[in-house]
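Heads up: the structure comes next, in structure tokens.
Keep in mind that what you see is a predicted model, and the values were worked out from it rather than measured.
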Amino acid sequence: MRIGTGYDVHKLVEGRKLILGGVEIPYSKGLLGHSDADVLIHCIMDSLLGAAALGDIGKYFPDTSEKYKGISSIKLLEETKIILENEGYKIGNIDSTIIAQKPKLSKYIEQMRKNIAKTLDIDVKYISIKATTEEGLGFTGREEGISSQSVCLIF
């Protein structure tokens, strides 16, 4: 068994959709990035790749490649699953936290869990997603960006 951690952050900007866990969330701003900038999926991918000592998402999905411009992070997660399977790994569980002052995310978390479980072909009971604020502190508290952290177990 191996564990891995992941972290990602993206800036909130006007004129972009807010996508978290493969769910489009109504909000006045979205996350800036080369792909759809889904910080939750990105940190999960990094935790999975890290657990397998395979590097990070930039190694496999560089933000300099036109192939990945605007791509759904769910598709990148699916490719990450294939990379792990090709190395002989299976996913045990994933525990993630989204850090965002706004918007409130509780009503979207169950769909995020389902999207990730379906993409990884594992039971939703092995996917935990939580959301928290930073009580107005730091860049997330000032609503400048959203970050996410993840830990996973693979075997």
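- A distance of 7.5 Å separates CG in N115 from CD1 in I41, rounded to the nearest 0.5 Å.
- For the pair I25/Q111, no side-chain contact is recorded, criterion being any heavy-atom separation below 4.5 Å from C-beta on.
- Here the closest non-hydrogen pair linking G6 and S47 is N-CB, 3.5 Å.
- If you take NZ on K118 and CD1 on I74, they are separated by 9.5 Å, rounding to the nearest 0.5 Å.
- Counting only distance, with no hydrogens or angles, the side chain of D56 and the backbone of K59 share a donor-acceptor pair below 3.5 Å.
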Verify side-chain contact (heavy atoms from CB on, under 4.5 Å) between I71 and H34, making sure each step is shown before the conclusion.
CA-CA 8 Å; I71 195 168; H34 189 68; over 6 Å; no
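- Checked by atom type and distance alone, the side chain of Q101 pairs as donor or acceptor with a backbone atom of G136 at under 3.5 Å.
- Panel note: side chain Y60, backbone L54; a donor-acceptor pair is recorded below 3.5 Å.
- Side-chain atoms of I129 and L40, non-hydrogen and from C-beta on, do get closer than 4.5 Å to each other.
- Inter-residue side-chain proximity for T132 and E134 is flagged as unmet; no heavy-atom pair is nearer than 4.5 Å.
- A distance of 5.0 Å separates CG of D38 from OG of S73, quoted to the nearest 0.5 Å.
- Under the 4.5 Å side-chain contact rule for hydrophobic residues, L20 and I99 do not share a cluster.
- Shown here for A117 and D123, the closest heavy-atom pair between the two residues is CB-C, 4.1 Å.
- Separation of atoms CG (L12) and CG (L18) is listed at 7.0 Å; rounding is to 0.5 Å.
- Counting non-hydrogen atoms of neighbouring residues, nucleotides and ligands closer than 6.0 angstrom, the CG atom of L32 exceeds 12 such neighbours.
- Remark: K75 does not engage E79 in a salt bridge, criterion side-chain N to carboxylate O under 4.0 Å.
- Remark: the backbone N or O of I127 is paired with a side-chain donor or acceptor of R113 at under 3.5 angstrom.
- When the shell of 6.0 Å around NZ of K130 is examined, it contains more than 12 heavy atoms from other residues, nucleotides or ligands.
- Under 4.0 Å is where a charged nitrogen must lie from a carboxylate oxygen, and between R16 and D36 no such pair does.
- The CD atom of E135 lies 10.5 Å from the OG1 atom of T140; values are rounded to the nearest 0.5 Å.
- I82 and L49 are assigned to two separate hydrophobic clusters, defined by single-linkage of ILVMFWY side chains at heavy-atom distances under 4.5 Å.
- In this structure, M45 and L76 have side chains that are in contact, with non-hydrogen atoms separated by less than 4.5 Å.
- Closest non-hydrogen pair, D46 versus I57, comes out as OD1-N, 2.8 Å.
- Side-chain contact between K81 and D121 is present, with heavy atoms from C-beta onward closer than 4.5 Å.
- There is no path of hydrophobic side-chain contacts, each under 4.5 Å, that joins I19 to Y108.
- Interatomic distance, I94 CD1 to L153 CG, rounded to the nearest 0.5 Å: 10.0 Å.
- For the residue pair E78 and T119, no side-chain donor N or O sits within less than 3.5 Å of a side-chain acceptor on the partner.
- The shortest non-hydrogen separation linking I44 to I116 is CD1-CD1, 3.6 Å.
- In this structure the side chain of M1 never reaches within 4.5 angstrom of the side chain of I154, judged on heavy atoms.
- You'll find the side chain of S148 stays beyond 4.5 Å of the side chain of T97, heavy atoms only.
- Looking at every heavy atom in both residues, S147 comes nearest to F139 through CB-CZ, 4.2 Å.
- Between V13 and K29 there is no side-chain heavy-atom pair separated by less than 4.5 Å.
- Side-chain atoms of S35 do not come within 3.5 Å of backbone N or O of K69 as any donor-acceptor pair.
- The environment of OH in Y126 is sparse: at most 12 heavy-atom neighbours from other residues, nucleotides or ligands sit within 6.0 Å.
- Side chain of D95 to main chain of V151: no donor-acceptor pair is present (N/O by atom type, distance under 3.5 Å, no hydrogens or angles).
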Between E110 and K114, does the salt bridge (charged side-chain N to carboxylate O under 4.0 Å, His left out) criterion hold? Intermediate values first, please.
CA-CA 6 Å; E110 193 57 33; K114 289 176 183 176; 5.0 Å; no
K104 and T133: CA distance, side-chain angles, deciding distance, side-chain contact (heavy atoms from CB on, under 4.5 Å) verdict:
CA-CA 9 Å; K104 295 294 182 190; T133 70; 4.0 Å; yes
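- Using modelled atom types, no side-chain atom of H42 and backbone atom of Y7 make a donor-acceptor pair closer than 3.5 Å.
- The two residues V39 and V9 make their nearest non-hydrogen contact at CG1-C, 3.9 Å.
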